There are 2 protein chains.
Amino acid sequence: MPQDRAPTRIQKKNRAAILEAALNVFSAHGFRGATVDQIATEAGLSKPNLLYYFPSKEAMHEALLAELLDTWLDPLRALDDSGEPLTELLAYVHRKLEMSRDYPRESRLFANEIVQGAPRIYQALSEDLKALVDDKVALLESWMDAGRIARVHPYHLLFSIWSLTQHYADFDVQVRAVLGDEDPFDGADVFLDTLYRRLLSPHPN
Amino acid sequence: MPQDRAPTRIQKKNRAAILEAALNVFSAHGFRGATVDQIATEAGLSKPNLLYYFPSKEAMHEALLAELLDTWLDPLRALDDSGEPLTELLAYVHRKLEMSRDYPRESRLFANEIVQGAPRIYQALSEDLKALVDDKVALLESWMDAGRIARVHPYHLLFSIWSLTQHYADFDVQVRAVLGDEDPFDGADVFLDTLYRRLLSPHPN
DNA sequence: CGTGAGTTTGACCAGTTGGTCAAATAGCTA
DNA sequence: TAGCTATTTGACCAACTGGTCAAACTCACG
């Protein structure tokens with residue numbers, strides 16, 4: 001096992017290669033469907049060598065999820081209470097859609113974990129995620145109270161943003177099978193902009 | 001292997017028990033993560049007995065998916081070109097949300113398959129699904145041309161309905177972790193109704 | 001260039017996997 | 001109830017699984 005000191009050049013390179021390979025395999029097959037051999041091969045290492053850097057398959061998965069959850073929520077954290085409400089929300093939607101385009105493997109890793117009941121991540125959901133969401137929901141409600149955006153169920157508003165944007169990463173195959181050659185993300189960007197403008201623009205009544 | 005004649009009483013009972021168990025296990029763990037032993041135990045049969053009814057793990061999965069895809073698209077097929085457009089679409093959204101509430105395992109089985117690249121179902125997507133979608137998109141476009149609903153990208157409109165409704169089945173754990181005790185489907189029903197009314201109501205400009 | 005730490009590997013292990021098979025049992029019908 | 005078919009099972013198999021270990025190799029640094 002690598003010591004607890006500053007990582008060597010080789011440790012840095014191999015750890016990165018392993019996490020990269022693990023992300024590929026876990027996101028493509030889920031935790032139980034992934035094999036250590038497959039990850040090792042993809043990382044260009046022997047299996048015992050891989051297990052020299054991470055003590056178990058579980059540990060690799062954990063490392064990936066821990067890193068992921070933090071960056072995954074950054075776009076929501078960035079929702080700024082001093083900005084123009086509709087602009088802020090549209091920017092959030094845009095950022096989330098960008099993440100689906102640029103980090104589809106991360107999105108699918110997360111999707112696999114949640115679809116299968118989030119056995120390894122439930123606590124983080126009901127604590128960290130919930131806390132952040134509750135905080136941002138308060139902001140949304142203050143915007144609605146002030147009549148700056150239309151009143152809708154704030155939790156479901158957030159769910160809708162997650163679902164609509166992550167869909168383009170998680171269900172990419174299906175989207176492309178239906179769309180053919182057309183780029184999904186160009187159309188999605190326009191569509192989602194329209195959708196949230198119409199949903200959230202303050203209503204006269 | 002059971003003969004090709006009419007299924008006996010025992011065959012009917014056991015096949016049904018196996019498919020029920022297989023649905024549980026596949027939807028919870030994905031194809032590679034599911035084990036034949038687990039399915040057999042859950043169906044109350046021994047493993048060899050299970051393999052007497054289905055020749056392989058693959059065959060069970062196939063049987064489930066084949067049955068699923070058909071019923072899964074029924075709500076879309078029911079979109080009626082002689083109805084009132086907005087009413088028809090809201091009814092479609094409502095039916096899809098109901099399916100997420102009443103058949104979450106089926107939704108997750110499908111989600112698992114798609115997230116992992118649809119290796120066993122891609123052909124059906126790019127043929128049957130695409131054909132049906134193309135057909136219904138033509139209907140949507142005719143409604144938009146006639147100014148009976150607002151003009152949006154029709155494919156992304158359908159994607160949005162799939163994603164928003166299936167989210168409540170596939171990401172159920174996450175939704176409940178955030179919402180706490182509140183019933184997700186009550187709020188979702190109202191939210192989605194509002195969303196699609198605002199998105200699709202014909203606009204003056 | 002020697003030496004100790006860091007790295008890599010082949011051989012191995014016990015448990016699990018999907019699947020087979022012959023033999024035993026249960027069910028049905030003449 | 002005899003005899004045939006349908007059903008069930010224990011024992012088994014080869015391949016694969018996650019993981020271990022001692023021995024070998026490589027590297028950085030004095």
Side-chain angles (χ1 to χ4, degrees), chain A residues 1-65 112-113 116 119-120, chain B residues 1-65 112-113 116 119-120:
Chain A
M1 220 178 308
Q3 295 308 312
D4 213 356
R5 320 199 186 142
T8 67
R9 165 183 63 92
I10 297 175
Q11 274 172 36
K12 262 189 239 173
K13 189 193 62 177
N14 282 348
R15 270 179 199 278
I18 290 169
L19 288 177
E20 171 75 14
L23 178 56
N24 276 336
V25 177
F26 282 132
S27 70
H29 299 291
F31 181 77
R32 283 179 60 166
T35 77
V36 176
D37 261 311
Q38 214 181 331
I39 298 172
T41 301
E42 200 145 324
L45 299 174
S46 67
K47 186 169 57 163
N49 197 10
L50 185 153
L51 289 165
Y52 168 72
Y53 290 99
F54 288 87
S56 69
K57 178 182 171 182
E58 185 79 42
M60 293 176 239
H61 197 250
E62 236 171 69
L64 282 175
L65 279 185
N112 263 306
E113 176 69 9
Q116 303 189 1
R120 281 162 262 276
Chain B
M1 219 178 308
Q3 296 306 314
D4 213 355
R5 318 193 190 150
T8 67
R9 165 184 63 90
I10 296 175
Q11 275 171 36
K12 261 189 240 175
K13 189 194 62 176
N14 282 347
R15 271 180 200 278
I18 290 169
L19 287 177
E20 171 74 13
L23 178 57
N24 277 336
V25 178
F26 282 132
S27 70
H29 300 291
F31 181 76
R32 285 179 58 166
T35 77
V36 176
D37 261 311
Q38 214 180 333
I39 298 172
T41 301
E42 200 144 325
L45 300 174
S46 67
K47 186 169 59 163
N49 197 9
L50 185 155
L51 288 165
Y52 168 73
Y53 291 98
F54 288 87
S56 68
K57 179 181 171 182
E58 186 79 42
M60 293 176 239
H61 197 250
E62 235 171 70
L64 282 175
L65 280 184
N112 264 307
E113 175 70 7
Q116 303 189 1
R120 281 163 264 275

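Every value quoted in this text rests on a predicted model; they were computed, and no experiment measured them. So that the names make sense, note that chain A is the first sequence line, chain B the second, and so on, each numbered from 1.
- What separates CD1 of A:I10 from P of C:dT9 is a distance of 12 Å, to the nearest Å.
- Of all non-hydrogen atoms in B:P55 and B:L51, the two that sit nearest each other are O-CD2, 4.0 Å.
- Rounded to whole Å, the distance from NZ on A:K47 to P on D:dT20 is 11 Å.
- Across all non-hydrogen atoms, the minimal contact from A:N112 to B:Q116 is OD1-NE2, 3.1 Å.
- Backbone-only engagement by B:A34 is indicated by non-hydrogen atom pairs under 4.0 Å involving sugar-phosphate atoms exclusively.
- For the OP1/OP2 pair of C:dC21 and a distance below 4.0 Å, the side-chain nitrogens and oxygens of B:Y52 include no atom meeting the criterion.
- Look at OH on A:Y53: it is 8 Å from C1' on C:dT8, rounded to the nearest Å.
- Here the closest non-hydrogen pair linking B:R15 and B:Y53 is NH1-O, 3.8 Å.
- Distance from the side chain of A:T35 is smallest to D:dG18 among D:dG18, D:dT7, C:dT9.
- The CD1-C1' distance, from A:I18 to D:dG18, rounds to 15 Å in whole Å.
- Between B:L51 atom CG and D:dC13 atom P the separation is 18 Å, expressed in whole Å.
- Within the 4.0 Å cut-off from OP1 or OP2 of D:dT8, not a single side-chain nitrogen or oxygen of B:S46 is found.
- Looking at every heavy atom in both residues, B:G33 comes nearest to A:R32 through O-NH2, 2.7 Å.
- Summarising the geometry, the separation between CG on A:L45 and C1' on D:dC25 is reported as 16 Å, rounded to the nearest angstrom.
- Mapping B:F31 and A:G44 onto DNA chain C by nearest heavy atom places A:G44 closer to the 5' end of the strand.
- A sub-4.0 Å separation between OP1 or OP2 of D:dA6 and a side-chain N or O of B:Q11 is absent.
- Rounded to whole angstrom, the span from the NZ atom of B:K57 across to the P atom of C:dT17 amounts to 9 Å.
- Not one side-chain nitrogen or oxygen of A:N49 sits closer than 4.0 Å to the OP1 or OP2 atom of C:dT7.
- OP1 or OP2 of D:dA28 has not a single side-chain nitrogen or oxygen of A:T8 nearer than 4.0 Å.
- Atom NE2 of A:H61 and atom CD1 of A:I39 lie 9.0 Å apart (nearest 0.5 Å).
- Residue B:R9 is classed as a sugar-phosphate contact, given heavy-atom separations below 4.0 Å to backbone atoms only.
- In this structure, B:K13 places its NZ atom 10 Å from P of D:dT7, rounding to the nearest Å.
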